[in-house]
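The block underneath contains the structure these notes are about, expressed in structure tokens.
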Number of protein chains: 2
Amino acid sequence: MLALIGLGLDGTEISAKGLSYVAGSDEVFAEFYTSLPCVDMAEIERIVGKPITVLTREDVEERELPLERARTCTVAFLVMGDPLVATTHISLAARAREDGIPLAICHASSIYSAIGSTGLMLYKFGKSASIVYPEKNYFPKSFYETIVQNKKRGLHTLLFLDLKADRDIYMNPVDGMRLLRAADEETIVSTIIVASRIGWKSEKIVYGEVSELSSLDASFFGPPPHCIVVPGEMHFAEEEYVELFRYG
Amino acid sequence: MLALIGLGLDGTEISAKGLSYVAGSDEVFAEFYTSLPCVDMAEIERIVGKPITVLTREDVEERELPLERARTCTVAFLVMGDPLVATTHISLAARAREDGIPLAICHASSIYSAIGSTGLMLYKFGKSASIVYPEKNYFPKSFYETIVQNKKRGLHTLLFLDLKADRDIYMNPVDGMRLLRAADEETIVSTIIVASRIGWKSEKIVYGEVSELSSLDASFFGPPPHCIVVPGEMHFAEEEYVELFRYG
């Protein structure tokens, strides 16, 4: 049996249901290569009350260790955020279903709903997008098209920042804003929200002009994870709330 | 101090962090009027290990009980799903911030990310919308406009169904599909996913033709909560996954 268990935003938001699955498991695996390595493993082991084996991408995607072990024993597989967000986990769940391995999903907090901490209404978010690092002769602008399309409908845009966790590379919000400004030739983006470590003790939400925030030192926003929100049309109550996070 | 704590989708997805806030609180409140009353209160009290006082809409919005008590003691306020999704909770958080009452938010699972259990990719969802009950001489169609706009961009649409929890009224998926078909004069919606009790033990995901599913008896889908997804363009991996839920 395979239980796919979300650890939530900061690793301490595993659910009571998830904890009960860990308690009943023969083996506890975790992976952090789809998210970030700066979680406190000792703290997570203390919370779940069992030792955890951290798997690499090869362990999961090539050796299919969680799936193989789940054929004969009860496996708890811990992942950051909510499971079934990353393609890797969806594939794993699909494989388990196909092979007739009993599957349990334990949901947990995720940035897709926790971004409500900014005070923006979730139902007013349009498609989300990722700002990715440009490569030689290639500057991917599809994230900007998403903002433009959402803006036309008055919708907010949640922007993820590129990460290559297995190489310890995380785009910082200042680099993200610079790429956004480079794409934004018509200057349709004026104000912006930088949401850092949502759900963590060190959570930091900053609202302000993109021209101003993008000139700050990256250290101002602290370590990852970060995301950026481009607000669409704001209701009075939303405006009032985001003002609580105004820079300066 | 006020801790706004999500109970997650089924009430058992409160986080380890949330549990620690409950443990340290002087008083534990909960409200269910923004969601649904069919949670197992005894089970939730067993999980959190403390007696819970369930508040009415008047207690929260007029008497502002959680806020008043939080001025002098440590209050844990439990709500279904992720906090800061419902306007009521955002207002409460805003009031706490304005009045200088220390505020903690404990995120939990929410349909906004758990809908990933359908196998559809979250970043391909557009704006969400609600199918609401028509009133005399008034048939609100804005949810349909949202579907049309999302479809144009190839995006999926998450549809909530009307609920009036304080009057124990929950739109069932069959009524929801009928209202959708009535609005859909150009028949742009063919296949649909009905997602029932996502994250609950009795979770049921059904994929099929809206013409076929809307002719089923409402009891087929079981008790609330329900939501409906209108898929946009599906990637091959998404198609393969939703086929696991094909009706018939």
Side-chain angles (χ1 to χ4, degrees), chain A residues 6 8-10 12-20 44 47-48 81-87 89-91 93-94 97-98 105-119 121-130 146 149-150 153 155 158 160 198-199 203 237-238 240-241 244, chain B residues 6 8-20 47-48 81-87 89-91 93-94 97-98 105-119 121-130 146 149-150 153 155 158 160 198-199 203 237-238 240-241 244:
Chain A
L9 292 156
D10 68 346
T12 73
E13 293 187 337
I14 182 173
S15 70
K17 189 193 288 176
L19 289 172
S20 72
I44 297 176
I47 289 172
V48 304
D82 189 35
L84 299 207
V85 173
T87 318
H89 309 144
I90 299 179
S91 302
R97 284 183 190 274
E98 284 159 14
I105 309 288
C106 298
H107 294 287
S109 60
S110 152
I111 192 66
Y112 276 98
S113 59
I115 196 67
S117 278
T118 56
M121 298 301 304
L122 291 186
Y123 73 93
K124 288 172 65 186
F125 276 79
K127 183 186 187 313
S128 53
S130 294
T146 300
Q149 294 296 322
N150 285 341
R153 296 167 63 192
L155 303 176
L158 171 60
F160 299 104
I198 291 289
E203 174 176 300
E238 291 178 298
E240 216 174 44
Y241 205 95
L244 295 167
Chain B
L9 291 156
D10 68 347
T12 73
E13 294 188 336
I14 181 172
S15 69
K17 189 194 288 177
L19 289 172
S20 72
I47 290 172
V48 304
D82 189 35
L84 299 207
V85 172
T87 318
H89 309 145
I90 298 180
S91 304
R97 284 183 190 275
E98 283 159 15
I105 308 288
C106 299
H107 294 287
S109 60
S110 152
I111 192 66
Y112 277 99
S113 59
I115 197 65
S117 278
T118 56
M121 298 303 302
L122 292 186
Y123 72 92
K124 288 173 63 187
F125 277 79
K127 183 187 187 311
S128 53
S130 294
T146 300
Q149 295 296 322
N150 285 341
R153 295 167 64 192
L155 303 177
L158 171 61
F160 299 104
I198 292 289
E203 173 176 301
E238 291 177 299
E240 215 173 43
Y241 204 95
L244 296 167

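Keep in mind that what you see is a predicted model, and the values were worked out from it rather than measured. Every chain is numbered from 1 and lettered A, B, ... according to where its sequence line falls, protein lines coming before strand lines.
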Output the option from A/A129, A/S130, A/A114 having the highest count of non-hydrogen pairs under 4.5 Å with chain B. A/A114
Should A/I105 and B/E203 count as side-chain neighbours, where that means a heavy-atom distance under 4.5 Å? no
Taking B/L9's backbone N and O only, do any of them form a donor-acceptor pair with B/S109's side chain (distance below 3.5 Å, no angle check)? yes
Please report whether the ring centroid of A/Y112 lies less than 6.0 Å from that of B/Y123. no
Under 4.5 Å from any heavy atom of chain A - which part of B/T118: neither
Are any non-hydrogen side-chain atoms of A/L19 and A/V48 less than 4.5 angstrom apart? yes
Return the option, out of A/I111, A/L155, A/L158, with the maximum number of heavy-atom pairs under 4.5 Å with chain B. A/L155
So, the part of A/L122 with a heavy atom under 4.5 Å from chain B: the answer is both
Could you tell me which portion of B/A108 (side chain, backbone, both or neither) has an atom closer than 4.5 angstrom to a non-hydrogen atom of chain A? backbone
Heavy-atom cut-off 4.5 Å, strictly under: side chain, backbone, both or neither for B/D10 against chain A? side chain
Mind ranking A/K124, A/E13, A/M121, A/R97 by heavy-atom pairs under 4.5 Å with chain B and telling me who comes out on top? A/E13
Whatever's closer than 4.5 Å to a heavy atom in chain A on B/I90 counts as both
With side chain to side chain donor-acceptor pair (under 3.5 Å) as the criterion, how do B/S113 and A/D82 come out once you've worked through the C-alpha distance, each side chain's angles and the decisive distance to 0.1 Å? CA-CA 7 Å; B/S113 59; A/D82 189 35; 3.2 Å; yes
Name the region of A/I47, side chain, backbone, both or neither, that has any atom closer than 4.5 Å to a heavy atom of chain B. side chain
Any donor-acceptor pair under 3.5 Å from A/N150 side chain to A/F125 backbone: no
Quick one: does A/Q149's side chain get under 4.5 Å of B/R153's, heavy atoms only? yes
Minimal heavy-atom distance between B/S117 and A/L84, with the atoms involved, is CA-CD1, 3.4 Å
Side chain, backbone, both or neither: which part of A/A16 has an atom under 4.5 Å from a heavy atom of chain B? both
Measure distances from A/T146 to the heavy atoms of chain B and classify the residue's part below 4.5 Å as side chain, backbone, both or neither. both
